[in-house]
Amino acid sequence: MRDNNTATRRIVQAGILAGLAFVAEQLVDQAVWPDGYSDMKLLGMAVTRKSPAYWAVALPWHLLNSIGFAMLYARVIGPRLPGPPLLRGVILALAENNGLWFPGLPVINRVHPAIQDGTIRPLRTGGTDWLVGNLRHLALGLVLGALCPLPPRR
């Protein structure tokens with residue numbers, strides 16, 4: 001039982017650190033491409049339009065998502081992917097981003113309250129929005145792959 005608790009704790013820690021790498025990369029890419037979208041605004045402004053209060057909503061929400069993603073990676077998908085763990089983390093993170101990006105954007109643009117009221121602009125399917133989304137997920141996948149324990153490949 002103790003080994004399972006230790007593995008779960010390591011998965012949670014890896015998820016938090018991977019989520020923080022995602023946020024750090026967002027801060028870097030926004031300095032380079034200020035016209036790119038903000039995942040923190042997208043999450044936080046679904047609840048509040050106040051700046052910087054949206055960070056108080058967005059950061060814990062994002063980190064909880066990252067923990068859930070780490071659990072999915074460690075317990076379900078990661079052991080089934082090819083290659084070393086670092087590559088597996090990147091594969092899953094980029095597959096998730098690109099698999100949801102194109103079908104998800106029209107829905108998000110149609111229903112997100114901050115997009116609807118003009119607080120933030122609609123997301124674009126290509127260009128800088130797509131690029132920064134992939135860079136952020138690359139950072140998440142690299143950290144996840146490096147730190148998240150995986151059982152033997154199935």
Side-chain angles (χ1 to χ4, degrees), residues 1-33 36-48 52 54-112 114 120 123-154:
M1 184 68 166
R2 184 157 172 77
D3 287 342
N4 193 34
N5 288 340
T6 300
T8 299
R9 187 173 22 265
R10 287 184 57 212
I11 294 166
V12 169
Q13 291 168 344
I16 290 170
L17 292 172
L20 291 173
F22 180 107
V23 172
E25 200 295 315
Q26 177 182 294
L27 295 173
V28 170
D29 73 51
Q30 286 186 317
V32 176
W33 297 288
Y37 77 98
S38 166
D39 279 283
M40 295 303 103
K41 283 184 180 179
L42 199 61
L43 287 175
M45 288 190 175
V47 177
T48 181
Y54 68 84
W55 273 91
V57 173
L59 188 58
W61 186 355
H62 173 68
L63 294 177
L64 285 171
N65 288 344
S66 298
I67 292 167
F69 193 75
M71 287 290 180
L72 183 68
Y73 169 73
R75 308 277 171 141
V76 180
I77 300 173
R80 292 173 169 86
L81 292 174
L86 198 66
L87 179 61
R88 292 187 227 177
V90 170
I91 289 170
L92 182 60
L94 292 177
E96 180 265 341
N97 183 59
N98 288 286
L100 295 176
W101 187 260
F102 296 102
L105 286 192
V107 175
I108 291 169
N109 285 337
R110 193 170 37 253
V111 302
H112 195 287
I120 57 178
L123 298 172
R124 298 181 293 249
T125 57
T128 304
D129 287 356
W130 177 82
L131 173 64
V132 298
N134 278 295
L135 290 174
R136 294 167 193 174
H137 282 82
L138 176 63
L140 181 136
L142 286 170
V143 173
L144 193 63
L147 300 179
C148 195
L150 291 176
R153 187 175 294 136
R154 295 179 197 169

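Because only heavy atoms are used, hydrogens play no part in the values below, and waters and symmetry mates are left out as well, while side chains stay in.
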Answer yes or no: is there a side-chain heavy-atom contact under 4.5 Å between [X] and [Y]?
X: W101; Y: N134; result: no
X: L43; Y: Y54; result: no
X: Y73; Y: L150; result: yes
X: S66; Y: I16; result: no
X: L131; Y: W33; result: yes
X: M71; Y: V76; result: no
X: F102; Y: T125; result: yes
X: Y37; Y: V132; result: yes

Apply side chain to side chain contact (heavy atoms under 4.5 Å, CB included) to the pair V23 and M40, showing each step before the final yes or no. CA-CA 8 Å; V23 172; M40 295 303 103; 3.9 Å; yes
Of the non-hydrogen atoms in [X] and [Y], which two are nearest, and what is the gap between them?
X: V143; Y: A21; answer: CG2-CB, 3.5 Å
X: L87; Y: P82; answer: CD2-O, 4.4 Å
X: L144; Y: A70; answer: CD1-CB, 3.5 Å
X: A74; Y: P149; answer: CB-O, 3.5 Å
X: A58; Y: G44; answer: CB-N, 3.6 Å

With rounding to the nearest 0.5 angstrom, report the [atom1] to [atom2] distance, [X] to [Y].
X: L105; Y: H112; atom1: CG; atom2: NE2; answer: 12.0 Å
X: L123; Y: L42; atom1: CG; atom2: CG; answer: 5.5 Å
X: C148; Y: L72; atom1: SG; atom2: CG; answer: 10.5 Å
X: L27; Y: Q30; atom1: CG; atom2: CD; answer: 6.5 Å
X: L138; Y: F22; atom1: CG; atom2: CZ; answer: 11.5 Å
X: Q13; Y: L147; atom1: CD; atom2: CG; answer: 9.5 Å

Of all residues at least two apart in sequence or in a different chain, which pass the salt bridge (Lys or Arg N to Asp or Glu O under 4.0 Å) check with R124? D35, D129
Pairs of donor and acceptor atoms involving the side chains of residues 89-96, under 3.5 Å and at least two apart or interchain, shall be tabulated with distances.
from, atom 1, to, atom 2, distance (Å)
E96, OE1, H137, NE2, 3.0

Going by the salt bridge (Lys or Arg N to Asp or Glu O under 4.0 Å) test, which pairs reach into residues 135-151, not counting sequence neighbours? D29-R136, D39-R136
Determine the sole option in L20, L135, L142 for which the side-chain contact (heavy atoms from CB on, under 4.5 Å) test with E25 is passed. L135
With no hydrogens and no angle check, is any side-chain donor or acceptor of H62 less than 3.5 Å from a backbone partner on G19? yes
Other residues, nucleotides and ligands only: do more than 12 of their heavy atoms fall within 6.0 Å of CH2 on W55?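 Yes, CH2 of W55 has more than 12 neighbouring heavy atoms, counting only those of other groups under 6.0 Å.
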